[in-house]
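Everything below concerns the one structure shown next.
Values below: all heavy atoms of this structure, side chains included; hydrogens, waters and symmetry mates excluded. Small disclaimer: the values here were computed from a predicted structure and weren't measured.
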Amino acid sequence: MVGISTDGSDALCDFAQSLALPYDLASDRSGEVRRLYDVRRRFGLGTSRFTYVVDDAGVIRSVYHNEFVMKSHARSALEALETLRNGRV
């Protein structure tokens with residue numbers, strides 16, 4: 001699992017350490033990854049939050065987008081990961 005943000009690597013490192021995140025974070029300062037996954041800025045402000053669940057073959061199995069209910073967003077993505085781990089698609 002990897003989290004990608006347009007924030008710089010120093011900010012991401014501080015953020016990951018402050019929350020003891022159990023996954024890596026990567027910086028996409030150029031926005032190239034954001035463009036490749038078609039993650040658009042809403043109203044020109046900030047970057048939208050998307051979660052892609054990708055299997056071992058690189059196939060996107062689920063996409064979650066929720067700007068306001070992050071607990072639901074995270075829970076849905078984790079359920080999709082568990083489904084993949086159990087061999088279901």
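- A salt bridge between Arg85 and Glu82 is present, with a side-chain N of the basic residue lying under 4.0 Å from a carboxylate O of the acidic one.
- Counting only residues at least two apart or on different chains, the ring-ring contact (aromatic ring centres under 6.0 Å, His included) pairs with a member in residues 18-39 are Tyr37-Tyr52.
- Listed by chain and number, the residues in a side-chain hydrogen bond (donor to acceptor under 3.5 Å, both in side chains) with Asp56 amount to none (sequence neighbours excluded).
- In the hydrophobic clustering of ILVMFWY residues, with side-chain heavy atoms under 4.5 Å counting as a link, Val59 and Leu81 come out apart.
- The shortest heavy-atom contact between Leu12 and Ser5 is CD2-CB, 3.6 Å.
- Judged as a salt bridge (Lys or Arg N to Asp or Glu O under 4.0 Å), and not counting sequence neighbours, Asp10 has no contacts.
- Counting heavy atoms from C-beta on, the side chains of Ser62 and Ile60 never come closer than 4.5 Å.
- Legend: residues meeting side-chain contact (heavy atoms from CB on, under 4.5 Å) with Ala16, ordered by chain and number and at least two apart, are Leu21, Leu25.
- The line from CZ of Arg29 to CG of Asp7 is 7.0 Å long, rounded to the nearest 0.5 Å.
- For Asp55, the salt bridge (Lys or Arg N to Asp or Glu O under 4.0 Å) partners at least two apart in sequence or on another chain are Arg61.
- For Tyr64, there are no ring-ring contact (aromatic ring centres under 6.0 Å, His included) partners, not counting sequence neighbours.
- Here the closest non-hydrogen pair linking Asp28 and Arg34 is OD2-N, 3.0 Å.
- The heavy-atom pair separating Thr51 from Ala77 by the smallest distance is CG2-CB, 3.6 Å.
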